[in-house]
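The structure appears below as structure tokens.
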Amino acid sequence: METFYHSTRSRGELVTSKQAILAGLAPDGGLYVSDALGAEKLDLAQVCASSFTQTAERVLGTLLPDYTAEELAGCVRAAYGAQWDTPAICPVTPLGTDWLLELFHGPTCAFKDVALQMLPQLMGVAREGDGHDVMIVTATSGDTGKAALDGFSDVPHTGVCVFYPWGKVSDIQRLQMVTQIGGNVAVCAIRGNFDDAQSEVKRIFSDRSLAERLSARNVVLSSANSINVGRLAPQVTYYFDSYAQLVRAGAISQGDEVTYVVPTGNFGDVLAGYYAKRMGLPVRRLVVASNANDVLTDFLTTGTYDKRRPFVKTISPSMDILVSSNLERLLYFASNGDVELVSFLMADLAEKGAYTVPPELLASIQETFGCGRADDEMARETIRTTWEESHKLIDPHTAVAKHVMDALPQDGSTRVCLSTASPYKFPADVLGALGVDASGMNGFASMDSLEHITGTAAPVQLSSLRDAESLHDDVCDRDKMGAFVESACARIFL
Ligand SMILES: *Cc1c(COP(=O)(O)O)cnc(C)c1O
């Protein structure tokens with residue numbers, strides 16, 4: 001295969017998609033990209049006549065061409081099976097005159113499952129015959145951690161180590177992680193926020209002496225964060241599949257443009273929409289919705305990305321992010337592959353905490369990307385009005401996007417709001433939005449109360465946590481994370 005991946009910061013090293021998936025991050029700290037993106041368009045008529053899994057095979061076949069069709073078919077079968085609570089996998093449902101793309105029907109009730117049920121399959125095929133053990137090290141703002149633990153639990157020759165920010169995830173999210181079973185899992189809370197955890201994970205990956213000590217044990221580190229190509233690629237599927245669902249529902253005709261509004265943190269989800277557009281999906285706008293950590297709203301408005309601002313803890317914790325790593329890939333593609341520029345901007349970010357893109361680059365990004373923000377008050381209000389008007393219960397992340405969608409000027413295009421988590425992952429905040437004081441209630445009491453008040457049912461994936469045993473109670477400082485990874489490797493890979 002002639003398609004190769006290389007870093008967003010240099011073209012020196014070319015790797016296959018399998019190698020990129022195993023490595024996660026490029027050795028120079030950049031993200032893996034392929035210049036073939038968009039060279040091959042998907043056949044829209046075929047997409048519109050296909051199931052989710054058929055589209056997944058085509059999308060992955062295009063983005064990861066060194067996998068055989070048989071390999072991908074096996075991966076898709078394993079990733080999108082009975083662990084999903086609907087055969088549609090990611091159903092599109094009406095929301096007033098707009099549409100909701102429900103991405104939370106997987107085993108951990110957040111959209112991360114779409115990618116993290118697939119990534120272990122892709123990695124498994126990629127490492128066949130290479131003889132190494134792989135330790136997945138991941139920082140989570142709340143949802144990735146559980147989705148990675150579920151996806152990688154008990155996968156042979158693989159361990160998974162998750163760090164989450166202490167006190168900054170919901171009670172249910174914490175319970176999902178600390179009750180994870182499996183002989184190959186490690187979970188640790190860190191004192192700090194998600195960005196602290198993520199930047200320390202990046203440092204761990206570039207720690208040569210740690211790599212050498214692990215390599216003596218035949219262990220290599222890899223990432224399950226959304227910087228991994230193997231996470232990004234599966235997410236492209238639901239943009240195409242949602243379009244097909246809209247055509248089949250008669251909401252649009254094949255070829256009509258659609259606007260997607262995406263609750264955004266690390267920029268992985270919305271970047272997958274950009275990939276879909278480059279691969280031929282008729283997308284009018286991609287609208288980035290931020291919570292009070294609105295660094296992306298400012299960037300998309302002014303061209304300056306400035307992370308030097310207070311970190312705000314919100315009721316949409318999976319979007320509490322000041323460094324949106326996947327934005328680097330957009331900078332690469334929107335600048336037509338200018339690796340020098342990307343390296344320069346990323347050095348500015350590392351050294352000064354900020355960078356400014358040239359005006360032409362900003363203009364080209366703004367052609368496709370819109371933006372908006374919603375603070376907690378607005379998100380609460382949106383949860384309440386959406387329940388009252390449409391009888392749909394949405395989670396705080398989805399509410400941020402719904403608020404931003406409602407504030408957009410109507411341009412007549414069909415609009416899809418991505419719904420990224422079950423409201424039952426955040427029952428206390430959803431209750432609060434509906435006017436019930438849930439302070440003092442634990443996660444389960446708020447779950448019960450939410451069921452009672454709305455007459456909806458909590459997903460069994462979450463209600464069953466009630467009987468699960470807490471297994472992981474480690475808490476550490478940021479500078480101890482490397483040691484935690486090393487001791488987890490020693491325990492898991494004897
Ligand atoms: C991770 C997450 C997001 C943000 O997605 P990114 O790909 O990081 O932009 C939004 N909502 C929920 C519920 C999430 O778990």
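Just so you know, ligand 1 is whichever comes first in the structure, and atom 1 is the first atom listed for that ligand.
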If we ignore hydrogens and angles and just use 3.5 Å, is the side chain of Thr382 paired with the main-chain N or O of Met378 as donor and acceptor? yes
Qualifying residues under side-chain contact (heavy atoms from CB on, under 4.5 Å), relative to Ala20, sequence neighbours excluded: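 So Ala20 forms a side-chain contact (heavy atoms from CB on, under 4.5 Å) with Tyr5, Val15, Tyr32, Val229.
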Kindly list each side-chain donor-acceptor pair under 3.5 angstrom involving residues 271-278, sequence neighbours excluded, with atom names and distances?
unit_1	atom_1	unit_2	atom_2	d
Tyr274	OH	Arg278	NH1	3.0
Lys277	NZ	Val283	O	3.1

Taking Asp298 first and then Arg309, would you say they form a salt bridge - that is, a charged N and a carboxylate O separated by under 4.0 Å? yes
For Gln121, all residues meeting side chain to side chain donor-acceptor pair (under 3.5 Å), sequence neighbours excluded: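 Per chain and number, Gln121 pairs via side chain to side chain donor-acceptor pair (under 3.5 Å) with no residue.
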Would you please write out the protein residues whose heavy atoms approach any atom of ligand 1 to under 4.0 angstrom, listed by chain and number?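 The answer is Phe111, Lys112, Asp143, Pro263, Thr264, Gly265, Asn266, Phe267, Gly268, Asp269, Ser318, Met319, His397, Thr420, Ala421, counting any residue whose heavy atom sits under 4.0 Å from ligand 1.
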Can you list the steps and then say if Phe267 with Phe369 is a ring-ring contact (aromatic ring centres under 6.0 Å, His included)? CA-CA 12 Å; Phe267 210 78; Phe369 287 86; 5.8 Å; yes
